[in-house]
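Throughout, protein chains are lettered first and strands after them, A, B, ... in sequence-line order, and every chain is numbered starting at 1. Any value given below was found using the heavy atoms of this structure, including those in side chains, with hydrogens, waters and symmetry copies removed.
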Amino acid sequence: MNLRRLILIAIPYLWLLLFFLIPFGIVLKISLSETAIAIPPYTPTLDLSAGWQGFTAYLSELDFDNFSFLAEDDLYWKAFLSSLTISVVSTLLTLAVGFPIAYGMANAPEEWRPSLMVLVILPFWTSFLIRVYAWMGILSQGGLLNQFLIWTGLIDTPLTILNTNTAVYIGIVYTYLPFMVLPIYATLEKLDNSLLEAAEDLGCSRIQAFWLVTAPLSRPGVIAGCFLVFIPVLGEFVIPSLLGGSGTLMIGKVLWEEFFTNRDWPVASAVAVVLLLILIIPITLFQRNQQAQREADE
Amino acid sequence: MQQTANGCGFAPWQDPNEEPLIRFEGVTKKFGEFTAVDRLDVDIFKGEFFALLGPSGCGKTTLMRMLAGFEKPTEGRILLDGRDIGPVPPNKRAVNMMFQSYALFPHLSVAENIAFGLKRSDMPKTEIPGRVDEMLGLVQLREFAGRKPHQISGGQRQRVALARALAKAPKLLLLDEPLGALDKKLRQQTQFELVDIQEKTGTTFVIVTHDQEEAMTVATRVAVMDHGRLIQVDTPDRIYEMPNSVYVADFIGDVNLIEGNVASTEGERVEISWAEGQPLIVGSSASPLAAGTRCSFAIRPEKVAISAERPPDAVNAISGNIHDIAYLGNISTYHVRLDTGHIVKAQTANSRRIGRRDFTWEDAVWLSFTDTAGIVLTG
Ligand SMILES: Nc1ncnc2c1ncn2[C@@H]1O[C@H](COP(=O)(O)OP(=O)(O)O)[C@@H](O)[C@H]1O
Ligand SMILES: [Mg+2]
């Protein structure tokens, strides 16, 4: 009995150890190393044959040089800041697009709702990369959007959208929309319609009832959706590399380039560690929101 | 069962000069092809505690929702103080509703829930806290003002919903099965509180219930509904003593029904032949009946006396055997099988201990009742 409980409790912790803590330990270790032209491309590497002495010598070679380098070179600070800005703005944009969709779904006739839900999830059934490439086709100078706008006569010269921050925002909002819509829809769908009727009965107009009842009661869903978009967008690199231009500075892209273009694993790892530290704050807040909602549901 | 306010001469429905607060004029409500409320006419007067009673799905909630403004009548008009309220939206009606599910705002405290309607009214901001406190006092929830709805019990939630609906001092308060979620003991206690609050505030209450005992306890008048129609609208005692149809007699309380034919009539007195070789039953009828009319004789179990010997001066007396005894603590119900096969229930109060009960299974007994104890129904 007790053994079974122990195993049950141990499994998630083992999972965490294997797939999070150990990889993180490795990355942290690399971030404290120095680049070297070798395989793997950093020193020192642990030599177990030298025993305890070898281990202490190994530890003494680790330092925080890469982190001080990150602090000195303003490229990294700018990339972090610009990533934060892009994440915040695109989270708000996704909310602005996602809330009305979720609201419409929750108020649609009951028999339509499963189909609408499928429509929201449908894009996940094709590869994410293909969808981003499709956007390149739509947004490019000779792309569908420009052709359409010129055909309607709204513009005469094609707009430059691809390889700008605008394209990045469009890509992010499009890609992460389901993560915003689904949690909001879940809270709105649970909302008891008699609460709105009660608000009207007590003298509210429809719009007042929305702001005084629907909006506050959908807050947990809105918060969950915002975190589910904000957290992955902060480290996003595919969308800025494919849709963004040279002016689009995002930390995920920088990290990718450090690893694969510069082959500077220690600096790349240092960037990854800082990114994780930055993400811990919103992830903790997110957990707290989920906890509070679970308690409210009971 | 009647409480003071209803007993002592409060009967505006009998006064032809009295203007009703609410008047339904031929109101019909259809959902697609389905008729939920069917050509309904009724007047409800100021200060009444009007109970709508009927089985589930008979249209009670629909009727309330039309009063609150959430549904529009398909045909007919509803007048409030003589004015058609058809075009008035719910938030502009001097009508408040206490919802079946209470519909308390989960993100607001008890006090904020009660203040919700007041903040939407033209009451000056400075007077709102006072009014909220007054309502909290009325429903005895002052200590719970700061709690959220999920932090209080079911009975307390019900009182918050009541206070919230009463706070704006509506002309009409609608209560849709307000006590449905409470256990029996709490329900009975709350029924009396409701009556008390209704008297204190002088508000007109329309209450929906499917519990006939509840309707009888609280109401000045009871309307019995079936399939979207009002079958009978009357005071609780008249509904019980003088039901106008078998449906009402059967729906309210326990009743013995014996089918037969009218043999002869003399004023209100009616003689019924009901079985070969059995003496005629003598009952009374409110309306004149022709001889030979098919009818049902309805009599309440507590009006049937049970005895070992034939009572010498009884107008009606029938013999039978005890088939079953239901002991309910304060009363016992004897199920007596007549020689004709009919089962008739007779009820007696248990003023003595059970061991000294007079009758037991299979005893031969006599059932007797007066000529005004039962009534003759044709509907
Ligand atoms: N919005 C609606 N659409 C279709 N049918 C409805 C609607 N509201 C109520 N009904 C139907 O009308 C009938 C009366 O319902 P209701 O007034 O809720 O009954 P009660 O409150 O007496 O149980 C029921 O058969 C119900 O199915
Ligand atoms: Mg109902």
Would you give the length of the straight line joining atom NZ of B/K92 to atom OG of A/S205, rounded to the nearest 0.5 angstrom?
-> 7.5 Å
Report yes if the side chains of B/P106 and A/D192 come closer than 4.5 Å at any heavy-atom pair, otherwise no.
-> no
Side chain / backbone / both / neither for B/L104 at chain A, heavy atoms under 4.5 Å | backbone
Might you confirm whether atom CD of A/E110 has over 12 heavy atoms from other residues, nucleotides or ligands at distances under 6.0 Å?
-> no
Listed pairs under 3.5 Å, donor-acceptor, residues 79-88 of chain B side chains, sequence neighbours left out:
unit_1	atom_1	unit_2	atom_2	d
B/D81	OD2	B/K171	NZ	2.8
B/D84	OD1	B/G86	N	2.9

Heavy-atom neighbours of A/I207 CD1 exceed 12 at 6.0 Å | no
Do B/H107 and A/R219 have side-chain heavy atoms sitting under 4.5 Å apart?
-> no
Excluding sequence neighbours, so at least two apart, what forms side-chain hydrogen bond (donor to acceptor under 3.5 Å, both in side chains) with A/R206?
-> A/E200
Can you pull out the residues in residues 109-144 of chain B with any heavy atom less than 4.5 Å from chain A?
-> B/F116, B/G117, B/R120
Which bit of B/F99 comes within less than 4.5 Å of chain A, counting heavy atoms only: side chain, backbone, both or neither?
-> side chain
Apply side chain to side chain contact (heavy atoms under 4.5 Å, CB included) to A/T91 and list each qualifying residue two or more places apart in sequence or on a separate chain.
-> A/M180, A/C226, A/V229, A/F230
Which bit of A/L195 is near chain B, if near means a heavy-atom gap under 4.5 Å: side chain, backbone, both or neither?
-> both
For the pair B/N91 (side chain) and A/D201 (backbone), establish whether a donor and an acceptor sit closer than 3.5 Å, ignoring hydrogens and angles.
-> no
Any idea which heavy atoms bring A/L202 and B/K168 closest together, and the distance?
-> O-NZ, 2.9 Å
Structural part of A/A199 lying under 4.5 Å from a heavy atom of chain B | both
Non-hydrogen atoms of chain A under 4.5 Å away: do they reach the side chain of B/R164, the backbone, both or neither?
-> both
Mark yes when over 12 heavy atoms from residues, nucleotides or ligands other than B/K72 sit less than 6.0 Å from its NZ; otherwise mark no.
-> yes
Name the region of A/L212, side chain, backbone, both or neither, that has any atom closer than 4.5 Å to a heavy atom of chain B.
-> both
